[in-house]
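Below: the structure, in structure tokens.
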Amino acid sequence: MSKSESKSKRYKLEAPDGGWGILVCIGMALPFTSALAALPSFGLVFGDFLKSIGAETSAMAIITSAFFSAMSFAGLFSGSLFQRFGMRQIGVLGGVLYFLGTGLQVFATSTMDLLVAFSLIQGLAFGLMVPTCYTTFNHYFVKNRVMWMSFAQTLIGLGSMLYPIVMQKLMQMYGFRGCLLVLTGINAHAIFGMLVMHPVEWHMRKVPIEEDEQELKPLPAIQEPAKPTTVVVRVQPETPLKVNKEEPTFQAPDPAVDRRLSHAEEQMLKVISRRASSITSLGNWSGPVVVSDASPQMMHSLQASRRQSVAVSASLAPGQEPPVPAKKSWVRTIVDFLDLTLLKKPIYVNIVLGITFALYSDITFFTLQPVYLIELGYSRPDTATIIAIGAAADLSSRIFLAVTAVCIQVPSRYIYLAGAVLTVFARFVFNGITEFTSMAYITAVIGFLRTWLHVPLPLVFADYLSKERFATGYGLFMFTQGNAMFLIGPIVGFIRDMTKNYILVFHILNGFMILCAVPWVIEVLIVKFRRRSKIERNNVDHEETENQNQAVVH
């Protein structure tokens, strides 16, 4: 290759989709294993301690619900904390707090001590680590997200399978306090997990631009300066954005050159662009702008911003300064700070509420199952074995999803919906079983389906939200989920203590799972019906136009 060819060779930066991202998956698995596996094993570790201090099932429900409430508040503000202090720094802070919270549990002597150490400190810590892990993951992986998320969740499933067995052995060998002391050392690995959450810019791949990837022509400047400077804006493609209903028209100041994008150019933009970063701050730039790898939404935003700024400048008298924008009210400041405008989107609200109900049902079910099995007369080793069987089925399901994701591309939300619907039927079977072998089989089935509720969870939000709104959108979900669990959890625990009936509680939990499945199915049917009606309407309009044209010809 000649020097001139090498100089003219152009490159673009892409997410690694591997490389250091593998360590990101491992780093994500460390705190998630400790937190998610600890909840189903909470009764094994703290059951005797709570009974010794006179606490009932309601105390366990309050402790776990308060954990999610603290996690929700941390998740709500995580996006703003990322912008101010950095994502990795906030994640490391969460890892340190999680380690300290486990250490404080060694000295717990009352329910209040567990509320502070487990619910408050560890809940806040986990709430900081979850958005850090998922946001970093979405930056590193673009093309095969389901496969790599399944790989990370497989590691979590492997840890969850071994966790109850390890806790049972530690309880037998070292007792309650000794077990927590060893667990403190295990949870210290959460700090290492957050340290490997490097910014993706450190590990971007340099990919040569193919010859058939034509760069868009520069947008003509409306007011040409004496020596225009070209600004090149590059956007890393991510997941697709929703296309605006109104097709954008890119206009030049001269009507003679006014045109719409050709069909070929539109298709090229749709293929190249996946997600656009906001560049409206360049609106006051008066020189030509070359947008490489941009989306139609991004081009429309830039063009509209430039037109607006030029129109304002033209309306000003010579020497007159532009007006200062009005100060935002405190309500508007909070709305923008927390990105509460997402709550105006019905699909987003349906996603948040559905996953909130499903997660509460799933987590509470597996938290109460060990206590229920002990009430049925199962020994602690048998109880730990059944929990481990469910975790093993969970692990096999994660491997199954990772393998099938390579061959079959299924929307993450459809996977989640299938898991919710099938779990409802499996739970009805569970309620009528008491024998050990049958209990092990049905627990394996529910554990296999549990993966379909946890692996695609962050991907559902990643597919719907843009990269810039993922942290705040997921934080709003965490806030909703945590407070819902905090409000509903004690009520369910109170019903259990009053009725002494676990089957009734399991039916209530199944009802919450139905609250996820039914609205989602209704939404899917409505969207498909509207899409079909729109296609039929367009076909009718097209036929009428053709008939009119034929009539004019004849």
* How about His507 and Asn431: do any of their side-chain heavy atoms sit closer than 4.5 Å? -> yes
Interatomic distance, CD1@Ile442 vs CD1@Ile386, rounded to 0.5 Å, equals 12.0 Å
I would like to know whether Trp148 and Tyr140 meet ring pair (Phe, Tyr, Trp, His ring centres under 6.0 Å); could you show each step before the answer?
CA-CA 10 Å; Trp148 285 107; Tyr140 273 85; over 10 Å; no
So do Thr383 and Met439 actually touch side chain to side chain, heavy atoms under 4.5 Å?
no
Scanning both residues in full, the closest heavy-atom pair of Phe49 with Ser110 reads CZ-N, 3.9 Å
Minimal heavy-atom distance between Thr443 and Gln369, with the atoms involved, is OG1-NE2, 3.1 Å
Query raised in the report: Are any non-hydrogen side-chain atoms of Tyr174 and Leu180 less than 4.5 angstrom apart?
Result: no
dist Ile22:CD1 -> Phe151:CZ (nearest 0.5 Å) comes out at 6.5 Å
The ring-ring contact (aromatic ring centres under 6.0 Å, His included) partner of Phe32 among Phe126, Tyr98, Tyr163 is Phe126
Arg88 meets the salt bridge (charged side-chain N to carboxylate O under 4.0 Å, His left out) criterion, sequence neighbours left out, with none
- Are Phe506 and Tyr372 close enough that their ring centers fall under 6.0 Å? yes
Gly27 and Met197 have their tightest heavy-atom pair at C-CE, 3.8 Å
| said: Any heavy-atom pair between the side chains of Arg380 and Ile374 that's under 4.5 Å? | reply: yes
Chi angles and distances behind the side-chain contact (heavy atoms from CB on, under 4.5 Å) call for Leu115, Ile63: CA-CA 6 Å; Leu115 279 172; Ile63 291 172; 4.1 Å; yes
Worksheet item: Stepwise, does the side-chain hydrogen bond (donor to acceptor under 3.5 Å, both in side chains) test hold for Ser379 with Asp382?
Response: CA-CA 5 Å; Ser379 64; Asp382 288 343; 3.2 Å; yes
Is any side-chain heavy atom of Phe107 closer than 4.5 Å to one of Asp113?
no
Heavy-atom count around Phe400 CZ within 6.0 Å, excluding the residue itself: above 12? no
**Asked** Would a distance-only check, ignoring hydrogens and angles, find a side-chain to backbone donor-acceptor pair under 3.5 Å from Ser361 to Ala358?
**Response** no
Any Pro458 side-chain heavy atom under 4.5 Å of Phe137 side chain:
no
Should Ile508 and Ile495 be marked as a side-chain contact (heavy atoms from CB on, under 4.5 Å) after you check the CA-CA gap, both sets of side-chain angles, and the distance that decides it?
CA-CA 10 Å; Ile508 295 174; Ile495 293 174; 4.0 Å; yes
In short, Gly94 meets Ala125 closest at the heavy-atom pair O-CB, 3.0 Å
Does Phe366 have Arg450 sitting over its ring (NZ/CZ under 6.0 Å from centre, angle to axis within 45°)? yes
Output for pair (Ile503 CD1, Asn510 CG), nearest 0.5 Å, gives 11.0 Å
Hey, is the main chain of Ile433 close enough, under 3.5 Å, to the side chain of Ser438 for a donor-acceptor pair?
no
> Counting only N and O atoms by type, is there a donor-acceptor contact under 3.5 Å from the side chain of Thr451 to the main-chain atoms of Ser397?
Replying inline: no
The reported gap from CG in Asn187 to CD in Gln105 (rounded to nearest 0.5 angstrom) is 8.0 Å
Treating Thr356 as the side-chain partner and Val352 as the backbone partner, does any N or O pair qualify as donor plus acceptor under 3.5 Å? yes
Smallest heavy-atom separation, Ile355 atom then Cys516 atom, equals N-SG, 4.5 Å
#### Entry: Derivation of the side-chain hydrogen bond (donor to acceptor under 3.5 Å, both in side chains) call for His454 and Asp362
CA-CA 10 Å; His454 287 273; Asp362 176 79; 2.9 Å; yes
Heavy atoms of Leu453 and Gly419 approach each other most closely as CD2-C, 3.8 Å
May I have the step-by-step check of side-chain contact (heavy atoms from CB on, under 4.5 Å) for Leu181 and Arg177, ending in yes or no? CA-CA 6 Å; Leu181 190 60; Arg177 307 287 176 183; over 6 Å; no
Exactly one candidate in Phe512, Phe430, Tyr502 meets ring-ring contact (aromatic ring centres under 6.0 Å, His included) with Phe365; the answer is Phe430
So, the side chain of Trp520 versus the backbone of Asn350: is there a donor-acceptor pair under 3.5 Å, distance only? yes
Quick one, Pro456 and Arg413 - any side-chain contact, counting heavy atoms below 4.5 Å?
no
Q.
Within a 6.0 Å radius of atom NE2 on His203, are there more than 12 heavy atoms belonging to other residues, nucleotides or ligands?
A. yes
inquiry  = Go through it in stages, so that I can follow the logic: the residues are Leu30 and Phe192, the test is side-chain contact (heavy atoms from CB on, under 4.5 Å), and I'd like the CA-CA distance, side-chain angles, deciding distance and then a yes or no.
reply    = CA-CA 8 Å; Leu30 294 176; Phe192 169 77; 3.6 Å; yes
Please indicate whether Phe176 has more than 12 foreign heavy atoms, meaning atoms of other residues, nucleotides or ligands, lying under 6.0 Å from its CZ. yes
Notebook entry, point to check: Any idea how Phe461 and Tyr474 line up, ring-wise: parallel (<30°), tilted (30 to 60°), or perpendicular (>60°)?
Noted result: perpendicular
* If you draw a 6.0 Å radius around CZ in Phe436, do more than 12 non-hydrogen atoms from other residues or ligands fall strictly inside? -> yes
Here the gap from Tyr134 atom OH to Met149 atom CE, rounded to the nearest 0.5 Å, amounts to 5.5 Å
message: Measuring only between side-chain heavy atoms, which start at C-beta, is Leu195 closer than 4.5 Å to Val92?
response: yes
Between the CD1 atom in Ile415 and the CH2 atom in Trp452, the distance rounded to the nearest 0.5 Å is 8.0 Å
